[in-house]
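First the structure, in the form of structure tokens, and then the observations on it.
Just so we're clear, the structure is a prediction, and the values are computed from it rather than from any experiment.
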Amino acid sequence: MRGVRISYLIEHPEYIPQLAQWLFEEWNSILGERTPDARVKKLQAHLNRDQLPIAWVARANGQLLGTAALRVHDLEGREDLTPWLGGVFVGAHFRRQGVGAALCTTVEHEARSRGIQALGPCVWHQRPGDIMCKRLQKD
């Protein structure tokens, strides 16, 4: 997709309500949140640049496309796998256009710049509990 820009969520807090709605609609059955407001509070905790959790947003032409985050951990019971690339989500109309890959690449680059050697991304596979960990290469 052309013209995609990726920025810290803290630079675009106006996108939080839309992100909360998207994430609530997509993942409510997994996350068990009762309203999008619960997700708003969690997204607000990601309004950081220098400490985890940190979220980024992809946007083009003033339109929100998606988000991804760097978190301390993202799966209860697996706090040993830290930090995590998590919360990757791309709006339905913008999928399969490289937006998710661009978000993940940004998070990986930012992790490396912070001296992080490996990420434990939360990946849902056919078998619940499958987890993938990615060793980061130097830039």
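Considering every non-hydrogen atom in both Leu52 and Pro83, the closest pair reads CD1-CB, 4.0 Å. Nearest heavy atoms, Ala58 versus Val4: CB-CG1, 4.2 Å. Annotation for Ala45 and Pro53: closest pair O-CG, 3.5 Å, computed over non-hydrogen atoms. The shortest non-hydrogen separation linking Asn28 to Arg34 is OD1-N, 4.4 Å. Closest of all the heavy-atom pairs between Ala68 and Val107 is CB-CG2, 3.9 Å.
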Evaluate the side-chain contact (heavy atoms from CB on, under 4.5 Å) criterion for residues Leu70 and Trp56: first the C-alpha distance (whole Å), next the side-chain angles of each, then the deciding distance (0.1 Å), finally the verdict.
-> CA-CA 9 Å; Leu70 183 59; Trp56 288 265; 3.8 Å; yes
Evaluation steps, side-chain contact (heavy atoms from CB on, under 4.5 Å), between Thr35 and Val40 = CA-CA 9 Å; Thr35 67; Val40 166; over 6 Å; no
Applying side-chain contact (heavy atoms from CB on, under 4.5 Å), run through Arg5 and Leu65 and close with a yes or a no.
-> CA-CA 10 Å; Arg5 297 174 105 26; Leu65 307 176; over 6 Å; no
Go through the steps to decide whether Gln18 and Leu64 satisfy the test side-chain contact (heavy atoms from CB on, under 4.5 Å), and finish with yes or no.
-> CA-CA 8 Å; Gln18 179 65 58; Leu64 176 64; 3.7 Å; yes
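Residues satisfying the salt bridge (Lys or Arg N to Asp or Glu O under 4.0 Å) criterion with Glu33, sequence neighbours excluded, are Arg39, Lys42. For Glu25, the salt bridge (Lys or Arg N to Asp or Glu O under 4.0 Å) criterion is met by no residue, not counting sequence neighbours. Applying the ring pair (Phe, Tyr, Trp, His ring centres under 6.0 Å) test to His46 and every residue at least two apart in sequence or in another chain returns nothing. Remark: Arg2 pairs with no residue by the salt bridge (Lys or Arg N to Asp or Glu O under 4.0 Å) rule, at least two apart or across chains.
Separating the CD1 atom in Ile10 from the CD atom in Gln44 is a distance of 11.5 Å, to the nearest 0.5 Å.
For residues 56-69, the set of pairs meeting the salt bridge (charged side-chain N to carboxylate O under 4.0 Å, His left out) definition, not counting sequence neighbours, is empty.
Residues Phe24 and Trp27 do not share a hydrophobic cluster, clusters being chains of Ile/Leu/Val/Met/Phe/Trp/Tyr side chains in contact below 4.5 Å.
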Without placing hydrogens or testing angles, list every side-chain donor-acceptor pair under 3.5 Å for residues 87-101, not counting sequence neighbours.
| residue | atom | partner | partner atom | Å |
| --- | --- | --- | --- | --- |
| Arg95 | NE | Val90 | O | 2.7 |
| Arg95 | NH2 | Val90 | O | 3.1 |
| Gln97 | NE2 | His93 | O | 3.1 |

